[in-house]
Each structure stands twice: as C-alpha cells, then as structure tokens.
Amino acid sequence: MPDWYPELLASVASQVRSGRSRAISAANREMLLSYWVIGSELAKRESAQGWGSKVVTRLSADVRSAFPEARGFSPRNLRYMKSFAEAWPDFPMLQQPVATLPWGHNVTLLDKLEDSGARRWYAAAAVENGWSRNVLAHHIETKLSERSGKAITNFKATLPPSDSDLAQQSFKDPYVFDFVAMTGKRNERDLEGQLVVHVERFLLELGQGFAFVGRQVRLTIGADEFFADLLFYNFKLRCFVVVELKATAFKPEYLGQINMYMSAVDDLLGHTDDEPTIGLLLCKTKNNVVAEYSLRGFSKPIGIAEWESGIVASLPQEFAATLPSISEIEAELSQDFSQGDPVD
C-alpha cells in the first residue's frame with residue numbers, strides 16, 4: 001500500500017462513523033416526531049370525544065396486527081405518546097435537546113418530572129454529558145438541578161471570568177453520597193474509605209470531567225509530610241481538585257489546611273500548562289454566612305459544600321426502597337474498608 005493509505009483509511013473511517021451518527025440521530029428525531037403526531041391525535045380525540053382505555057388497547061392490537069414487525073406500540077407506550085405530545089406542544093419546532101434524546105430518556109423525563117422547565121434542564125444536561133437512561137434517572141432522583149452551582153465559593157474573585165462560571169457549575173451543594181453506609185459514629189477516614197471503594201459512583205456524583213488521582217496523597221513540604229484526603233483532576237477545568245472531607249460542621253480553620261494542600265499540589269504535582277488547583281471542602285453541615293465570611297481574603301479558589309449520606313426523605317417510594325436496610329448497613333460497617341467491595 002502507498003504511504004498515504006493509513007491517512008485515507010482514517011478519513012474514510014471517520015466519515016463512516018459520522019455518517020452513522022447522523023443517520024441514527026435523524027432516525028431518532030423522525031421516530032419522536034411520529035410518536036408526537038400519534039400522541040397529539042390521541043389527545044385531541046380523547047378531549048373531544050371522551051373515549052376510554054379500551055380504544056388504546058384496541059388501537060395497539062390493530063397497529064401491531066397491521067405492522068407485525070413494528071415495535072413500541074403497546075397500550076402503555078401509546079399512553080406515553082399522548083403524554084409526550086401534551087408535555088411538548090411545540091415539539092415540531094423544537095431543536096436541541098429534547099428532540100435528540102432517545103425515547104427511553106424522554107419516558108424517564110415524563111415519569112419523574114412534572115415541571116417543563118425541569119424537564120428541559122435535565123434534557124440539556126443529558127445531551128451535554130452523554131448520560132444513559134439510568135444515570136439520568138439517578139440525577140433526577142437526587143435533585144441535581146437544585147444542587148448544581150450551589151456551593152459557596154470565591155471563584156468570581158479568584159478565577160478568570162471565563163473559568164469562574166464553569167467552575168461554579170461544576171460544584172454543588174449538598175453532595176449526596178447515597179451509596180455510603182454511615183452512622184453518627186463514623187469519622188472522615190471511614191467516609192473516605194467508602195468513597196474510594198465506590199469511586200465510580202463517587203465520580204458520578206462529582207460530575208463530568210473528574211478523574212480520580214489518589215487517596216491520602218503524600219505531600220512533602222520541607223522535612224514534614226502531609227496527606228490530602230482525595231485528589232482529582234478535572235479535564236474541563238484543566239486543574240487538580242483537592243477534596244477534604246469533614247464529618248463535622250464547617251470551621252474557618254479548615255480553610256488554612258486545604259489552602260496549604262492546594263499550594264503544595266501546584267508546586268509538587270502541577271504542570272506549567274495546568275490552571276491553579278481548586279479546593280473543595282465537604283463538611284457535614286455549615287453556616288452559610290460564616291462560610292462566606294471565611295472565604296474572604298483567600299486568593300486561591302475554594303468551594304465549601306455539605307455532604308449527605310441519605311436522601312430517603314426526598315425520594316420516590318420505589319427508589320427509597322432500594323437503599324440499604326439497617327442490617328445491611330451494619331454488615332457493611334463491620335467489613336474492613338481496606339478490602340472493599342467491587343463497584344456496582
């Protein structure tokens with residue numbers, strides 16, 4: 001083969017992949033439009049003629065009889081089509097992102113959210129971050145839209161305008177570690193151990209762009225050694241993120257500790273192309289006013305947020321039932337955290 005053949009192959013392969021992607025996207029939009037039209041027809045006729053569920057059942061049977069190869073026309077799915085049309089009356093004119101989501105994602109939005117604004121927020125986030133249907137459901141159940149960007153920070157004063165908004169939206173309050181079995185007797189090291197055991201789910205909670213670097217990262221400063229609880233790198237922000245965990249309420253003196261760790265990471269681990277390290281201090285509780293006052297005067301970007309180990313009170317019944325029982329929690333707490341369990 002000539003020398004230029006690998007370049008030709010790479011170009012053709014790229015076109016095949018992008019062509020397939022466009023074809024799938026176009027097919028998905030056409031399917032959604034077809035479902036919307038069917039749903040609109042059902043909604044109009046139900047409103048005008050007051051027909052009952054027997055019509056949907058008969059329609060489902062007749063459509064599947066006429067088109068035996070077709071899928072997605074069960075009575076249940078036909079009702080979802082009706083709900084879809086009612087939820088998005090402007091769908092034919094709608095651009096990104098609802099029109100590009102798979103049908104299963106749209107069903108999840110219909111099932112779990114009543115507010116159209118919230119549906120639009122989660123739809124946009126799902127497209128931007130490439131969430132699967134299960135991940136989308138998880139973020140809805142943990143009320144991500146109400147937590148994103150809510151951490152108390154000094155980013156506007158310490159980061160360039162182009163970075164501060166992105167950094168602010170990358171931090172939330174509170175963080176929900178619903179996969180962690182905790183009691184009031186556990187300390188920071190126990191929490192840290194469980195977060196590492198469940199690092200994949202921890203990264204899911206942190207958000208897009210975070211990569212795990214290490215736990216109890218040694219930082220040698222002169223003749224002394226210090227250990228940062230958790231260290232991450234954020235590829236969107238292009239910087240290290242030091243996470244310090246506290247099982248107590250926020251105290252202003254915690255900021256001095258994390259500030260020192262951030263300086264050490266910049267000098268010892270950072271690359272010349274990296275942006276300044278960001279700190280995230282996670283406390284069990286905090287006084288927001290005290291946290292805001294405490295951040296004043298710090299030149300390094302730091303966020304302060306709470307963490308929660310349970311969200312049963314705010315979850316739908318079917319999800320709350322999947323959280324561990326007391327006996328399961330006791331069994332997990334009796335294990336050696338250093339061994340850990342495989343990630344789900």
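If you read the sequence from its start, that first residue is 1, and numbering goes on from there.
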Ring centroids only, cut at 6.0 angstrom: are F212 and F210 within range, meaning strictly under it? no
Shortest non-hydrogen contact from [X] toward [Y]:
X    : Y    : value
A211 : F235 : CB-CE1, 3.4 Å
T248 : C283 : O-CB, 3.6 Å
E86  : A43  : OE2-CB, 3.9 Å
G72  : N77  : O-ND2, 2.6 Å
V63  : F73  : CG1-CG, 3.9 Å
K172 : G207 : NZ-N, 4.3 Å

Side chain proximity check, [X] to [Y], heavy atoms < 4.5 angstrom:
X    : Y    : value
N28  : M31  : yes
V243 : F232 : yes
L109 : L136 : yes
T153 : P301 : no
I278 : N234 : no
F240 : D266 : no
R79  : V56  : yes
Q257 : L281 : no

Nearest-0.5 Å distance, [atom1] of residue [X] to [atom2] of residue [Y]:
X    : Y    : atom1 : atom2 : value
T277 : L237 : OG1   : CG    : 11.5 Å
H105 : N134 : NE2   : CG    : 9.0 Å
K246 : K251 : NZ    : NZ    : 9.0 Å
S83  : L78  : OG    : CG    : 11.0 Å
E244 : L230 : CD    : CG    : 8.0 Å
R76  : S60  : CZ    : OG    : 12.5 Å

Could you check whether any side-chain N or O of [X] sits under 3.5 Å from a backbone N or O of [Y], counting only pairs where one atom can act as donor and the other as acceptor?
X    : Y    : value
W131 : A137 : no
N259 : L255 : no
R119 : L113 : yes
E205 : V176 : yes
S40  : W36  : yes
K300 : P276 : no
E292 : N287 : no
E306 : T285 : no
R147 : T142 : yes
N154 : R296 : no

Stepwise side-chain contact (heavy atoms from CB on, under 4.5 Å) check, F250 with K284: CA-CA 7 Å; F250 167 77; K284 193 66 185 78; over 6 Å; no
Same apolar cluster: [X] and [Y], side chain cutoff 4.5 Å:
X    : Y    : answer
V265 : F227 : no
V289 : Y254 : no
V37  : L42  : yes

Over 12 foreign heavy atoms within 6.0 Å of [atom1], [X]:
X    : atom1 : result
E7   : CD    : no
E253 : CD    : yes
Y293 : OH    : no

Quiz item: Thinking salt bridges, do R120 and D90 make one under a 4.0 Å N-O criterion?
Solution: yes
Working for side-chain contact (heavy atoms from CB on, under 4.5 Å), residues W103 and F84 = CA-CA 10 Å; W103 177 242; F84 181 66; 3.7 Å; yes
Query raised in the report: Between Y261 and D229, is any side-chain donor less than 3.5 angstrom from a side-chain acceptor?
Result: no
### Query
Just checking, is any N or O donor in the side chain of K236 or Q169 under 3.5 Å from an acceptor N or O on the other one?
no
Criterion ring-ring contact (aromatic ring centres under 6.0 Å, His included) on F155 and F171, from CA distance to verdict: CA-CA 11 Å; F155 294 162; F171 287 65; 5.4 Å; yes
Exactly one candidate in K286, K143, E308 meets side-chain contact (heavy atoms from CB on, under 4.5 Å) with P174; the answer is E308
side-chain contact (heavy atoms from CB on, under 4.5 Å) with V98: of L32, N106, V127, only one passes, and it is N106
**Request:** Using the side-chain contact (heavy atoms from CB on, under 4.5 Å) rule, take V241 and L206 through it: C-alpha gap first, then chi angles, then the decisive distance, then the call.
**Result:** CA-CA 11 Å; V241 178; L206 284 177; over 6 Å; no
Applying side-chain contact (heavy atoms from CB on, under 4.5 Å) to Y80 and D111, what does each step give before you reach the verdict? CA-CA 9 Å; Y80 274 126; D111 272 343; 2.8 Å; yes
